[in-house]
Amino acid sequence: MARLVMKFGGTSVADLERIGNVARRVKAEADAGHQVAVVVSAMAGETNKLVGWVRDSGALADLREYDAVVSSGENVTAGLTALALQSLGVPARSWQGWQIPVVTDAAHGSARIQRIETTELERRLGEGQVAVVAGFQGFEPERGRITTLGRGGSDTSAVALAAALGAERCDIYTDVDGVYTSDPRIVTRAQKLEKITYEEMLEMASLGAKVLQTRSVEMAMKHGVRVQVRTSFGEAPGTLVVDEDEIVEQAVVSGVTYSRDEAKITLIGVPDKPGVAAAIFGPLAEAAINVDMIVQSVSEDGERTDMTFTVTKADQARAADLLNGRQDALGFAELRANADVVKVSVIGVGMRSHAGVAQKMFQTLAEKGINIQVISTSEIKVSVLIEEAYTELALRSLHTAYGLDA
Ligand code: ADP
Ligand code: ASP
Ligand code: MG
């Protein structure tokens, strides 16, 4: 008898019929004698709707109320799933984040889980009751407020709960049957991976593969939680996220991702002297604006240069305002912002031991006439910033070039 965490995403609980399907899957595991904790997302589209309402009411300024509103979608599905289980004769109850509690810090809108109190949950699991937990939400004890874990955060709820319960496995049920070499909605020849390392999954998630929230992978890696991504609409085996030594044959590149979340900012005519980069990026850091890719071009006259970097689209206006407000102090001639960009990345732990991976990427894009605006690399990935209109073409050509096509 094992303890399992089963997480169902928005499309898997999109209506009562699908919630019924979820209940049947959970019942099958419970009937097999397992102790089951279920984590559910809001019905597909619900969180977007709630976020839209908050935005339209102009209230994004108070993130505590944002959390109060957007966390509510999960309450509905948790209750409905418990009811569906009960109607199949499975003892079940719903749990909201504050009832467990899932204790988080006070970073409303993207709070981090600090601990989960599992005593009562475990007692009831031991009695054969299924726990249906509302994902995405937590509780900040200092002010006694509801928090949310950032978009896609139910994955993190599930992995954190699996770690706290010492679960044998955390199954993430979604609308695709596993982690693919690229987003299967765009790259039709993408292949399902049988296994992927934590490290690669972490890079893929943080570079745009929305199939798992980045923090959930961090958490799984840290606590050694066995995560499986699988479909809730069939029986196909999914993708296991594992340690590197569990993978026998390692491809050089195992995934190609994209992120439309970035925007490019270029400062033209920045004085080319010591301290300028610090003067530009210091205030951005203080304003909690994350900067991702950075390039500084060679100064032609030794006096002035251009500095290009990326921030998230959400931060673009704030970053531009902040820098324009310091134009005199920073001494640049002009600020240009461009949100019409996409970051495309290739990822693989095999890169550590193989040369020429980046070159193949540049060559492939060149052959398609795609201009590279910014490049950044790390040990196991290469990212480029290109014009957004080329997203599909770039993904498909790179997928083919690295031999990933099915
Ligand atoms: P859920 O609502 O179940 O949490 P998400 O929409 O968050 O589901 O994540 C699943 C989606 O992630 C898929 O529909 C797919 O389009 C997208 N996706 C992006 N990259 C990948 C990838 N490499 N492998 C699988 N799915 C991916
Ligand atoms: N419902 C939340 C969202 O849409 C959390 C999740 O689905 O994981 O972001
Ligand atoms: Mg998700």
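Whatever order the structure lists ligands and atoms in, that order sets their numbers, starting from 1. Side chains are part of it too, since the values below use all heavy atoms of this structure and drop only hydrogens, waters and symmetry mates.
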Novice: Measuring only between side-chain heavy atoms, which start at C-beta, is T266 closer than 4.5 Å to F309?
Specialist: no
Novice: T310 side chain to M293 main-chain N or O, any donor-acceptor pair under 3.5 Å?
Specialist: yes
Novice: One residue to check: E74. Relative to ligand 2, which of side chain, backbone, both or neither has a non-hydrogen atom less than 4.0 Å away?
Specialist: side chain
Novice: Does any N or O atom in R151 lie less than 3.5 angstrom from one in ligand 2, N or O only?
Specialist: yes
Novice: Which atoms from ligand 2 have a heavy atom of G152 less than 4.0 Å away?
Specialist: 3 (C), 5 (C), 6 (C), 8 (O), 9 (O)
Novice: Who's the nearest protein heavy-atom neighbour of atom 7 (O) of ligand 2, and how far?
Specialist: S41 OG, 3.2 Å
Novice: Under 3.5 Å between some N or O of ligand 2 and some N or O of F136?
Specialist: no
Novice: Look at ligand 2 and say whether G153 reaches it with a heavy atom at a distance under 4.0 Å.
Specialist: yes
Novice: Answer yes or no: is there a side-chain heavy-atom contact under 4.5 Å between T257 and V344?
Specialist: no
Novice: Could you tell me if any non-hydrogen atom of Q213 lies under 4.0 Å from any atom of ligand 2?
Specialist: no
Novice: Between K313 and E262, does at least one N-O distance fall below 4.0 Å, as a salt bridge requires?
Specialist: no
Novice: Would a distance-only check, ignoring hydrogens and angles, find a side-chain to backbone donor-acceptor pair under 3.5 Å from D15 to E17?
Specialist: yes
Novice: Please report which non-hydrogen protein atom sits nearest to atom 6 (C) of ligand 2, along with the residue it belongs to and the distance in Å to one decimal place.
Specialist: S154 OG, 3.4 Å
Novice: Salt-bridge test for R326 and D328: reply yes if a basic N is under 4.0 Å from a carboxylate O, no otherwise.
Specialist: no
Novice: Can you pull the salt bridge (charged side-chain N to carboxylate O under 4.0 Å, His left out) pairs that have at least one residue in residues 365-383, sequence neighbours excluded?
Specialist: R352-E379
Novice: Are side-chain heavy atoms of S72 and E46 found at a separation under 4.5 Å?
Specialist: no
Novice: Please, which pairs that meet ring-ring contact (aromatic ring centres under 6.0 Å, His included) have at least one residue in residues 171-203, sequence neighbours excluded?
Specialist: F8-Y173
Novice: Could you list the residues that satisfy salt bridge (Lys or Arg N to Asp or Glu O under 4.0 Å) with D272, not counting sequence neighbours?
Specialist: none
Novice: Counting only nitrogen or oxygen atoms and a 3.5 angstrom limit, does K7 reach ligand 2?
Specialist: no
Novice: Which pairs of nitrogen or oxygen atoms, taken one from ligand 1 and one from the protein, are under 3.5 angstrom apart?
Specialist:
residue	atom	partner	partner atom	Å
ligand 1	2 (O)	G10	N	3.2
ligand 1	3 (O)	T174	OG1	2.7
ligand 1	4 (O)	K7	NZ	3.2
ligand 1	7 (O)	K210	O	3.4
ligand 1	8 (O)	T174	OG1	3.1
ligand 1	14 (O)	D175	OD1	2.9
ligand 1	14 (O)	D175	OD2	3.3
ligand 1	14 (O)	R185	NE	3.2
ligand 1	14 (O)	R185	NH2	2.5
ligand 1	16 (O)	D183	OD1	2.9
ligand 1	16 (O)	R185	NE	2.9
ligand 1	23 (N)	Y180	O	3.0
ligand 1	24 (N)	Y180	N	2.9

